[in-house]
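Here is the structure we will look at, set down as structure tokens.
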Amino acid sequence: MAKDLTTRNENYSQWYNDLVVKAELADNSAVRGCMVIKPYGYAIWEKMQAQLDKMFKETGHQNAYFPLFIPKSFFSREASHVEGFAKECAVVTHYRLKNDPDGGGVVVDPEAKLEEELIVRPTSETIIWDTYRSWIQSYRDLPILVNQWANVVRWEMRTRMFLRTTEFLWQEGHTAHATSEEAMEETVKMIGVYADFAEKHMAIPVLKGVKSPNERFAGAVETFCIEALMQDGKALQAGTSHFLGQNFAKAFEVQFLTKENKLEYVWATSWGVSTRLMGALIMSHSDDNGLVLPPKLAPIQVVIVPIFKKEEQLEEIRKTVLPIIDALKQKGISVKFDDRDNLTPGWKFNEYELKGVPVRLAIGQRDIENGTIEVARRDTLEKTSYQLVDIETKIEHLLENIQDNLYQKALSFRESSTHTADTWEEFLDILDNKAGFVEAHWDGTAETEQRIKEESKATIRCIPLDSKEEEGKCIFSGKPSKQRVVFARAY
RNA sequence: CGGGGUGUAGCGCAGUCCGGUUAGCGCACCUGGUUUGGGACCAGGGGGUCGAAGGUUCGAAUCCUUUCACCCCGACCA
């Protein structure tokens with residue numbers, strides 16, 4: 001864990017930004033609130049995509065693609081949906097530019113005004129449900145299990161790299177079902193897929209739960225989420241899965257004939273994760289030396305740094321190392337041999353630590369003579385000398401060990417950062433002095449939730465799926481409550 | 001939209017208060033040499049409409065006016 005992360009909250013944004021830039025994950029761009037994802041950052045995203053895509057296929061889903069532009073009128077079909085998104089939409093009003101008659105530049109051609117404005121999608125429920133109407137006639141057309149990889153635009157007032165950008169990359173699953181039960185089952189299944197991905201691949205423990213009505217997706221009947229805890233003690237919503245009921249089917253008139261020849265509205269779900277997961281990854285594991293990547297998502301899992309004085313020595317190292325590289329690649333491990341001669345080993349060590357490469361091998365004259373290689377692990381920064389015999393298996397196990405260790409570390413951090421509060425004073429004290437998750441009783445009303453948010457800046461992150469029934473009193477109103485919910489200050 | 005800050009070489013910055021040689025430093029880059037087990041060193045070199053526009057002045061990175069962009073804090077955030 002990065003030292004003093006909780007005490008440097010004020011500078012945490014700066015620290016986070018610097019890391020994103022220095023590790024060459026992304027840069028701010030010329031466009032307000034947008035960012036450039038650099039090749040190294042994108043390579044991590046691609047690994048996430050590949051794994052998620054595999055998991056979607058394994059659960060029976062197919063990919064498809066829908067338009068970027070959505071006619072404005074589509075948004076007004078579902079009342080709470082438009083209310084949720086109207087404030088942050090980019091709107092296309094014209095389709096042409098022309099030379100500025102008063103100067104050298106170009107201006108929007110007033111002649112080219114669109115009759116109906118187009119909205120750059122902030123999410124695709126509307127355009128997809130408008131399309132599904134033509135795909136669905138009978139129960140035999142169901143279920144539809146479709147996922148889209150796309151970019152979306154939300155004109156947020158304040159942005160942060162990866163966590164909240166004006167344009168972001170994501171996937172959005174949109175499914176259509178014949179029954180409520182089946183749709184709910186899908187919703188729960190997909191939040192499970194996300195939780196598995198977060199824990200097994202990103203090495204980030206997450207709480208699975210449902211959102212309070214206030215925090216629900218605009219247009220959803222129920223929103224399931226996974227919530228992760230960052231090292232500064234703030235929560236991050238890492239993924240959501242929504243049970244949409246028949247809201248969108250009714251809004252877009254999507255009906256089907258049942259076996260019994262009865263006309264019924266279709267049941268829907270939608271679920272998504274975004275490049276925000278990159279932010280979660282960075283903030284969960286990084287330390288003062290830079291990024292720490294879990295082996296399963298690291299574009300480079302092993303880097304080999306040769307230590308040499310003369311070209312002949314490099315040649316000798318290369319001869320020793322080539323079979324090792326082959327053997328590692330045979331095991332599906334990605335290896336980089338950094339034989340650049342214009343940088344010193346020390347420089348390279350720092351560079352790869354900054355970029356979070358899980359395992360670093362260093363080999364020089366001394367090692368060649370002894371038949372050894374120096375192995376450094378990024379998570380603990382430990383250095384050990386290994387015999388070259390069967391090195392690929394040892395590295396393979398080491399990578400597994402690092403993956404596991406990162407998860408355990410993050411888990412014990414979360415556990416030690418999860419507190420219970422039974423009074424309002426206790427609640428505020430924990431938020432101000434300890435941060436993290438706070439388990440507390442809530443009377444279940446939106447009014448109380450709102451007041452708590454206003455007075456403490458903390459929101460209900462979720463009502464955990466596994467939370468036990470427990471009699472208690474709401475920390476704010478004192479009214480009776482049947483279970484604890486999880487509060488935190490959040491991104 | 002409020003409060004604060006920053007724009008000077010690819011990156012990071014000094015210089016601005018108090019106007020005055022040819023606008024400087026570190027990193028990076030190029031050439032040569034020595035180096036290389038935790039961000040090497042020496043020598044030489046290239047790179048700038050000082051965010052933009054207007055004004056004051058003999059003279060503006062520096063003063064005045066206007067404007068743009070970005071960052072941080074807040075409001076906002078399925």
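Atom set for the values below is all heavy atoms of this structure, side chains included, hydrogens, waters and symmetry mates excluded.
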Would the [X] and [Y] ring centres measure less than 6.0 Å apart?
{"X": "Phe487(A)", "Y": "Phe427(A)", "value": "yes"}
{"X": "Phe162(A)", "Y": "Trp45(A)", "value": "no"}
{"X": "His61(A)", "Y": "Trp271(A)", "value": "yes"}

Heavy atoms, side chains only, cut-off 4.5 Å: are Ile37(A) and Met278(A) in contact?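 Ile37(A) vs Met278(A): side chains apart.
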
Decide yes or no for Asp341(A) and Phe308(A): does some side-chain heavy atom of the first lie under 4.5 Å from some side-chain heavy atom of the second?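 Yes, at least one pair of side-chain atoms sits under 4.5 Å.
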
Any N or O donor-acceptor pair linking the side chain of Lys309(A) to the base of G37(B) at under 3.5 Å?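 Side chain to base: no pair below 3.5 Å.
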
Once hydrogens and angles are ignored, does a donor-acceptor distance under 3.5 Å link the base of G38(B) to the side chain of Glu353(A)?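 Under the 3.5 Å cut-off, the side chain and the base do form a donor-acceptor pair.
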
Round to the nearest Å and state the distance from [X] atom [atom1] to [N] atom [atom2].
{"X": "Asn342(A)", "N": "G33(B)", "atom1": "CG", "atom2": "P", "answer": "15 Å"}
{"X": "Asn28(A)", "N": "C11(B)", "atom1": "CG", "atom2": "P", "answer": "13 Å"}
{"X": "Asn370(A)", "N": "G37(B)", "atom1": "CG", "atom2": "P", "answer": "18 Å"}
{"X": "Phe85(A)", "N": "C76(B)", "atom1": "CZ", "atom2": "P", "answer": "17 Å"}
{"X": "Met157(A)", "N": "C73(B)", "atom1": "CE", "atom2": "C1'", "answer": "15 Å"}
{"X": "Trp15(A)", "N": "C72(B)", "atom1": "CH2", "atom2": "P", "answer": "15 Å"}
{"X": "Arg366(A)", "N": "U36(B)", "atom1": "CZ", "atom2": "P", "answer": "13 Å"}
{"X": "Leu343(A)", "N": "C41(B)", "atom1": "CG", "atom2": "P", "answer": "14 Å"}

Between [M] and [N] - [atom1] atom distance, rounded Å:
{"N": "A14(B)", "M": "C73(B)", "atom1": "C1'", "answer": "27 Å"}
{"N": "G46(B)", "M": "U34(B)", "atom1": "P", "answer": "24 Å"}
{"N": "A61(B)", "M": "G24(B)", "atom1": "P", "answer": "13 Å"}
{"N": "C70(B)", "M": "C27(B)", "atom1": "C1'", "answer": "22 Å"}
{"N": "A75(B)", "M": "G12(B)", "atom1": "P", "answer": "29 Å"}
{"N": "C58(B)", "M": "U21(B)", "atom1": "C1'", "answer": "16 Å"}
{"N": "G19(B)", "M": "G59(B)", "atom1": "P", "answer": "16 Å"}
{"N": "G15(B)", "M": "U6(B)", "atom1": "P", "answer": "11 Å"}

Nearest to the [X] side chain among [options], which nucleotide is it?
{"X": "Arg164(A)", "options": "C77(B), G37(B), C71(B)", "value": "C77(B)"}
{"X": "Glu156(A)", "options": "C77(B), G38(B), G37(B)", "value": "C77(B)"}
{"X": "Lys87(A)", "options": "C76(B), C71(B), U36(B)", "value": "C76(B)"}
{"X": "Glu88(A)", "options": "G39(B), U36(B), C77(B)", "value": "C77(B)"}

Using a heavy-atom cut-off of under 4.0 Å over every strand shown, decide if [X] touches base, sugar-phosphate, or nothing.
{"X": "Lys22(A)", "answer": "nothing"}
{"X": "Gly364(A)", "answer": "base"}
{"X": "Arg276(A)", "answer": "nothing"}
{"X": "Arg216(A)", "answer": "sugar-phosphate"}
{"X": "Tyr491(A)", "answer": "nothing"}
{"X": "Asp367(A)", "answer": "base"}

If the threshold is 4.0 Å, N to carboxylate O, is there a salt bridge linking Asp379(A) and Lys409(A)?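 A salt bridge is absent here (no side-chain N lies under 4.0 Å from a carboxylate O).
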
Salt bridge check: are Asp432(A) and Arg489(A) linked by an N-O gap of less than 4.0 Å?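 Yes, Asp432(A) and Arg489(A) are salt-bridged.
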
When you measure from the side-chain N and O atoms of [X] to the phosphate of [N], is any distance below 4.0 Å, counting only OP1 and OP2?
{"X": "Thr344(A)", "N": "A40(B)", "value": "yes"}
{"X": "Asn17(A)", "N": "C72(B)", "value": "yes"}
{"X": "Lys348(A)", "N": "G38(B)", "value": "no"}

Pair assignment for [N], Watson-Crick or G-U wobble, requiring both distances under 3.5 Å:
{"N": "G19(B)", "result": "none"}
{"N": "C25(B)", "result": "G12(B)"}
{"N": "U56(B)", "result": "none"}
{"N": "A40(B)", "result": "U34(B)"}
{"N": "G74(B)", "result": "C1(B)"}
{"N": "U6(B)", "result": "A69(B)"}

Which residue lies more 5' along RNA chain B, comparing Trp347(A) with Ala490(A) via nearest heavy atoms: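 Checking each residue's closest nucleotide, the 5'-ward one belongs to Trp347(A).
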
If you assign Glu215(A) and Arg158(A) each to the RNA chain B nucleotide with the nearest heavy atom, which residue ends up on the more 5' nucleotide?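 On the 5' side of the pair lies Arg158(A).
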
Give a yes or no on this: more than 12 heavy atoms of other residues, nucleotides or ligands lie within 6.0 Å of atom CD of Glu83(A).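 For Glu83(A), atom CD is not crowded (no more than 12 foreign heavy atoms under 6.0 Å).
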
